[in-house]
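So the structure is just underneath, and the comments pick up after that.
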Amino acid sequence: MKNEQNPEIEVAHTREEMLHILDSMRLEAYQIEDIHVIAKDPSHFEDVKWDHNVKTHEVGNWMDHFKSWFTGESAVTEGIKRFDLTEGQTAYYAHLVEQGVIVLLTEQSIASKTT
């Protein structure tokens with residue numbers, strides 16, 4: 001599903017949708033090493049043949065739980081914070097990931113890659 005606020009962030013509700021979005025991002029000229037796939041459940045990444053440069057991130061892991069003890073934020077929010085999103089985006093995507101959504105984001109936009 002396209003995110004209207006930031007076209008470099010996509011969300012998928014299923015593993016199949018995630019793979020389709022990843023393929024679309026590749027076709028849209030995003031560099032594979034700039035794509036991050038974020039999920040709370042690491043089973044979304046199991047048995048998937050990833051290009052070695054695709055970065056997968058399990059958020060809400062033990063390290064995120066540890067950080068959350070000090071900040072009072074949820075473990076998933078702590079995991080999302082590392083992606084340099086706005087406070088509102090962090091809260092929004094953390095909520096989605098808590099619900100089981102997979103977030104795909106890129107470090108750079110297509111426009112900055114072609115200029």
Side-chain angles (χ1 to χ4, degrees):
M1 159 183 348
K2 277 276 190 217
N3 175 343
E4 299 302 324
Q5 294 175 327
N6 186 341
E8 292 85 32
I9 302 175
E10 302 275 347
V11 297
H13 294 86
T14 65
R15 185 169 140 148
E16 291 75 25
E17 187 178 3
M18 171 192 68
L19 294 172
H20 176 73
I21 291 169
L22 185 59
D23 286 339
S24 294
M25 287 177 148
R26 289 177 180 162
L27 292 173
E28 291 175 12
Y30 286 107
Q31 297 298 313
I32 199 70
E33 62 270 8
D34 292 337
I35 299 173
H36 296 267
V37 181
I38 306 159
K40 184 177 177 183
D41 181 0
S43 69
H44 292 295
F45 310 134
E46 292 175 3
D47 301 324
V48 177
K49 301 289 185 202
W50 294 104
D51 183 300
H52 68 281
N53 291 325
V54 172
K55 298 170 187 90
T56 59
H57 306 275
E58 176 191 354
V59 295
N61 58 32
W62 70 269
M63 182 59 110
D64 297 335
H65 277 282
F66 181 74
K67 290 181 205 174
S68 73
W69 292 342
F70 297 100
T71 65
E73 299 282 354
S74 77
V76 170
T77 299
E78 285 301 321
I80 298 288
K81 282 183 179 179
R82 73 183 87 154
F83 296 102
D84 196 29
L85 300 172
T86 66
E87 189 175 315
Q89 288 174 317
T90 299
Y92 177 71
Y93 292 111
H95 173 74
L96 290 178
V97 171
E98 282 283 358
Q99 302 300 315
V101 169
I102 306 160
V103 176
L104 296 92
L105 64 88
T106 63
E107 293 177 17
Q108 299 182 18
S109 66
I110 295 173
S112 66
K113 287 300 214 179
T114 59
T115 56

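When a residue number appears, it is its place in the shown sequence, counting from 1.
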When rounded to the nearest 0.5 angstrom, what distance separates CD1 in I35 from CG in L22?
5.0 Å
Taking every heavy atom of I80 against every heavy atom of V59, the minimum-distance pair comes out as N-CG1, 4.1 Å
Distance (rounded to the nearest 0.5 Å) between K81 NZ and E87 CD:
8.5 Å
Show the numbers, then the answer: is there a side chain to side chain contact (heavy atoms under 4.5 Å, CB included) between I9 and L85?
CA-CA 10 Å; I9 302 175; L85 300 172; 3.9 Å; yes
When every non-hydrogen atom of H57 is compared with those of H36, the smallest separation belongs to NE2-ND1, 2.7 Å
One pair to check against side chain to side chain contact (heavy atoms under 4.5 Å, CB included): F83 and Q89. What are the steps and the verdict?
CA-CA 10 Å; F83 296 102; Q89 288 174 317; over 6 Å; no
Testing the basics here: between R82 and E58, what is the closest heavy-atom pair and its distance to 0.1 Å?
NH2-O, 4.3 Å
Heavy-atom closest pair (K40 atom, V97 atom, distance to 0.1 Å) is N-CG1, 3.6 Å
Give, for atom CG of L96 and atom CD of E98, the distance between the pair rounded to the nearest 0.5 Å.
10.5 Å
Do other residues, nucleotides or ligands put more than 12 heavy atoms under 6.0 Å from the CG atom of D84?
no
Taking every heavy atom of M18 against every heavy atom of A12, the minimum-distance pair comes out as N-CB, 3.4 Å
Would one find more than 12 heavy atoms of other residues, nucleotides or ligands at under 6.0 Å from atom CD of Q99?
yes
